[in-house]
Amino acid sequence: MNRRRTALLSLTALLAAAVTALPAAADEVEQLKNGTFDTTTDPWWTTSNVTAGLSGGQLCADVPGGTANRWDAAVGQNGITLVEGESYRISFTANGTPEGHVVRALVGLSVAPYDTWFEVSPQLSVSGNSYAYTFTSPVDTTQGQVAFQLGGQADDWRFCMDDVSLLGGVEPEPYEPDTGPRVRVNQVAYLPSGPKNATLVTDATGRLPWQLKSAAGKTVARGWTVPRGTDASSAQNVHSIDFGSHRGRGQGFTLVADGETSRPFDIDARAYEQLSVDAMKYYYTQRSGVAIRDDLRPGYGRPAGHVNVAPNQGDANVPCQPGVCDYTLDVTGGWYDAGDHGKYVVNGGISTWEVLSTYERSLLARTGDPAKLGDGSLAIPESGNKVPDVLDEARWELEFLMRMQVPEGQPLAGMAHHKVHDEQWTGLPLLPSDDPQKRELHPPTTEATLNLAATAAQAARLYRPYDREFATEALAAARKAWSAALAHPALHPDPNDGTGGGAYPDTDATDEFYWAAAELYLTTGEKEFEKHILNSPVHTADIYGPLGYDWSRTAAAGRLDLATVPSRLPGRDTVRQSVIKGADRYLATLTSQPYGMPYAPEDNLYDWGSNHQILHNAVVIATAYDLTGASKYRDGALQSMDYVLGRNALNISYVTGYGEVSSQNQHSRWYAHQLDPNQPNPPRGTLAGGPNSSIQDPYAQSRLQGCVGQFCYIDDIQSWSTNEHTVNWNSALTRMASFVADQA
Ligand code: 9MR
C-alpha cells in the first residue's frame, strides 16, 4: 500500500467517524424496498441466468461462470427516485463463494444509456463484509436503479447480500483529494541544463527559505521563495521557487520548504528519451482490426477488435446510418479514438498529423534526430522492415482514414465519412473484441474530408523515400478529398449525432481548408494551393488563443507547418513571425502563472482535455525555439512539461507510470483495472485529459461540484470528461516529449 492510499483511507475513516457521530437527520429516507430479505426477495429482479432465493435471511444468487460482461448476470431493484444535489448512503453486507469474486455495486439509470452515478467493485470474502459509501446524485430521476453486477467471471459462484439500503437526505461527504506535500515539483525530471521551477502552497505571505536535497539528504542548493499571492487557477496562496542555478545531475532529489518535502525527482534527461518512446508506443495498443501481441506489450495482448468475428459485428462491411447511403465500406483498422470503440476521421486526422509532425520536426529542426523514431524504436510488428516505426504506426491510421472516403460513382464521392462507431453506447469494461453492437458509418462532412486531405498530403511527402506507391496513393486521395470539399464546403457534422460515439461537432471549416491547403502546397508546391493559402482569412488571423489548437481549431497545424517545412511561399517570413508572436503570448501567460503553465483560459474555465491544450501551447513555444534558437523559448517549452508531470494543484503526474503519483484509472473499456483486477491500467506514457471545469460526466458531477480550475479532475474510470485518454491528447505528449528529449 503506498502513502497515498494510506492517507486516503485514514481520511475516509475520519470522515466516516465524524458522520456516524452526528445524530441522524430527521429527513433521512430509505429509498429501497425490502433490503432485509426477511420473507421474500421481491421486488428485486435478476437476469434470467441467475437463480436467487432466500437463504438464512439473506438474498443468495447462483451465478453462472463464463459470461463476458459484468452486466450479463445481475440482481437489482428499479424505479428508484433520486434528487439532484442530494446525498445518499448506499450500504450492504455481502459475501461470495468461492473466495475472491468481485461484485460491481452501482446506482445508475435503469434504461439506456445506463448512466452510472456511483459504483464500487469490492472483492468479496466467504465470511462476508459490510460496505457503506456516500455519494451525491447529479440528476433528478424516477428511473434509478441499484444493481449488483455479477457476470464476467470464469467460474460458477454464489453471491449473498443483506441489509441493502439506500438512504436519502444524508450529510454530503465532501471530496478531499489527497494532494500530498505542499511543495509541487515535476515528479519525473528536470533537464540539467534546463529551467527548474516549483510551486509551494502555503499560508505564509513573506518569503521562505528552501533547500534542494540530494537523495542522500545533503543540501546541494538553497534560496528564497517568491510569494505570488492567490493563484486564480487553484484558489491557493502560493510561492514560486526557482532552483535553475543548480545543474548537477542525479536521481531522487527533493525540495524542502515551509517544513514540507516534495516528492522525489531526477535532474537528468534520460526519462524523456523513455517518455517520448512510451508516448508513441501508446498507438499500437489503440489499434483496431489486429490482435495486439503480448510479446510486444506484456500484459496488453488482446484479440483483434471489430474484425467480423462474433460477438463483433465487425468493420469489414459497415453500412451507413439509415438513409445516409446504400453501400457498405470496409473500414477495418485504424486506432480506437479513446476509451470507446469509435473511430473518428476528424480526431484521427489531427492525431495523425501530430504524430507525423513529431517525425517531420525530427528531420527539420536543428535539435531533431530522426534515428530516435527509426526502425525498431517502438517494438511494433513492423519493426525491422527498414521503415521508421513512427511511419509504420501512423500508416495504420492513414489507411483507415483513406477507407473512410466515399467511393467513386457514389453521391459525395471523395468526401470522407465523419466517423464509424457503435449504434449505442456500451458499458465498461468491454474488450473491443467483445463489443456486440452494430457499427454504422455517419454522414460525410467537410471537416472529415479536409482532415483526410491534410494528413494524406503530408503523408505523401514523408513516405515517399520509403514507399513511392503508398505516397502516390495518399496524394491522390488527398487531391480527391480537396476537390470534394471544395464542391461541398459546408457539410458540417450534426452536433446532436452523439449516441454510441462522440459528435465531434464543428460549424466552420475555414481552418480545415487552410490546413489542408497548407499540406497540399508543402507537398506539391502547386499554385492552386498557394492561392488558397494566401487568400484565406485564416492565413493572417490571430489564431493563438488561450485554449490552443485542437481537433476543431486546426489553423495552427497549417501555420506551424508553413513556418517550418521548407517552401517558396511568398511572405513566409511573416508566417514565421506569427508563430513567434504566438509563442511570446504563451510565454507571457506562463510567466504570469505561479504553476508555470502556458494556459490561462478565459474565466478560468479549464476545457475538456486541458492537459493537451497546455502541451499544444507549449508546442507553439517549442516551434519558436526551432525557428529562432532563442533560449527563452526552449526554457518555456521545457517548463510547460513540469505542470503535466506533477507541478500542479493536485500534485499528480497526468502521465501514467511517470512520477511517484500518476493518473492510472483513465476512462477506458479495456484498460479497466479499476473495475476488474484482471485487466491492466493504461500503458506507461498514457496522458489523462485533465481538469475540465464543465465536469460533464455524472461521476465528476457527484464529486467535484464547485471545483476551481485545476481541481476539476478526478482519477476515476467513470470520469470520462476529466479522465479519458485519446489519440489526439497523446499526440501532444508525443510531440513535446520528443522535443524535450532532443534538448538534452
Ligand atoms: O475531446 C473531445 C472534446 O473536445 C469535446 O468537447 C467532447 C464532446 O464532444 O468530446 C471529446 O471527445 C470524445 C469523443 O467525443 C468520443 N471519444 C472520446 C473523446 C474524448 O473524451
Side-chain angles (χ1 to χ4, degrees), residues 113 282-283 286 288 305-306 334-351 354 397 418-428 430 432 435 437 439-440 442 445 447-448 451 492-508 511 545-554 599 601 605-616 654 663 665-672 682 686-701 712-733:
Y282 163 90
Y283 292 93
Q286 287 298 111
S288 176
H306 299 97
W335 298 320
Y336 294 115
D337 186 55
D340 59 328
H341 299 152
K343 303 191 292 193
Y344 309 84
V345 172
V346 158
N347 200 43
I350 193 80
S351 313
E354 198 151 43
E397 178 73 0
H418 198 60
K419 53 181 186 166
V420 52
H421 59 69
D422 292 343
E423 195 178 24
Q424 297 293 331
W425 285 108
T426 58
L428 280 68
L430 187 68
D435 173 16
Q437 284 277 325
R439 309 277 279 178
E440 288 177 330
H442 292 244
T445 64
E447 283 81 359
N451 266 263
H492 300 303
D494 174 359
N496 298 315
D497 186 15
T499 303
Y504 284 114
D506 199 340
T507 51
D508 177 5
D511 51 336
L547 295 184
Y549 64 88
D550 70 1
W551 60 266
S552 73
R553 290 180 299 265
T554 61
Y599 192 65
L605 290 178
Y606 274 57
D607 197 22
W608 195 321
S610 60
N611 281 340
H612 96 299
Q613 295 184 337
I614 291 170
L615 290 170
H616 276 173
Y654 289 109
S663 300
N665 295 313
Q666 286 95 324
H667 179 77
S668 166
R669 282 167 180 69
W670 63 101
Y671 304 134
T686 301
L687 180 72
N692 172 2
S693 299
S694 307
I695 49 173
Q696 279 104 323
D697 66 85
Y699 187 79
Q701 285 161 9
C712 301
Y713 170 81
I714 187 163
D715 184 23
D716 191 285
I717 192 161
Q718 293 299 349
S719 184
W720 41 262
S721 74
T722 79
N723 197 35
E724 197 158 351
H725 63 91
T726 72
V727 289
N728 59 315
W729 301 340
N730 245 74
S731 62
L733 179 65

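Start at 1 and go down the list; that is how both ligands and their atoms are numbered. Start at 1 with the first residue, then count along the sequence. Only heavy atoms go into these numbers, but all of them, side chains included; no hydrogens, no water, no symmetry mates. Every value quoted in this text rests on a predicted model; they were computed, and no experiment measured them.
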>> Out of W729, Y504, W720, W551, who is nearest to atom 19 (C) of ligand 1 when you count heavy atoms only?
In response: Y504
>> Could you report the tightest heavy-atom contact between G305 and S288, atom names first, then the distance?
In response: O-OG, 3.5 Å
> Which heavy atom of the protein is the closest neighbour of atom 6 (O) of ligand 1, given with residue, atom name and distance?
Replying inline: W608 CE3, 3.5 Å
>> For Y344 and W551, I'd like to know if the aromatic rings sit close, meaning centre-to-centre distance below 6.0 Å.
In response: no
>> side chain to side chain donor-acceptor pair (under 3.5 Å) for Q666 and Y671? Distances and angles first, verdict last.
In response: CA-CA 8 Å; Q666 286 95 324; Y671 304 134; over 6 Å; no
>> Within the structure provided, determine whether H442 and H421 are in side-chain contact (heavy-atom separation under 4.5 Å).
In response: yes
>> Among all the protein's non-hydrogen atoms, which is closest to atom 9 (O) of ligand 1, and how far away is it?
In response: P505 CD, 4.2 Å
>> Determine whether R669 and D340 satisfy the following criterion, side chain to side chain contact (heavy atoms under 4.5 Å, CB included), listing intermediate values before the conclusion.
In response: CA-CA 6 Å; R669 282 167 180 69; D340 59 328; 3.7 Å; yes
> Please state which protein non-hydrogen atom is closest to atom 17 (N) of ligand 1 and give its distance, to 0.1 Å?
Replying inline: D337 OD2, 2.9 Å
> Going through the distances and angles, do Y504 and D337 end up as a side chain to side chain contact (heavy atoms under 4.5 Å, CB included)?
Replying inline: CA-CA 11 Å; Y504 284 114; D337 186 55; 2.8 Å; yes
>> Distance under 4.0 Å to a non-hydrogen atom of G502: what atoms of ligand 1 satisfy this?
In response: 14 (C), 15 (O), 16 (C)
> Would you say E724 has any N or O atom under 3.5 Å from an N or O of ligand 1, going by distance alone?
Replying inline: yes
>> Among all the protein's non-hydrogen atoms, which is closest to atom 20 (C) of ligand 1, and how far away is it?
In response: T726 CG2, 3.3 Å
> Ring centres of Y713 and Y606 under 6.0 Å apart?
Replying inline: no
> For ligand 1, which atoms sit closer than 4.0 Å to a heavy atom of D340?
Replying inline: 16 (C), 17 (N), 18 (C)
>> Would Y344 count as a polar contact of ligand 1, with the cut-off being nitrogen or oxygen pairs under 3.5 Å?
In response: no
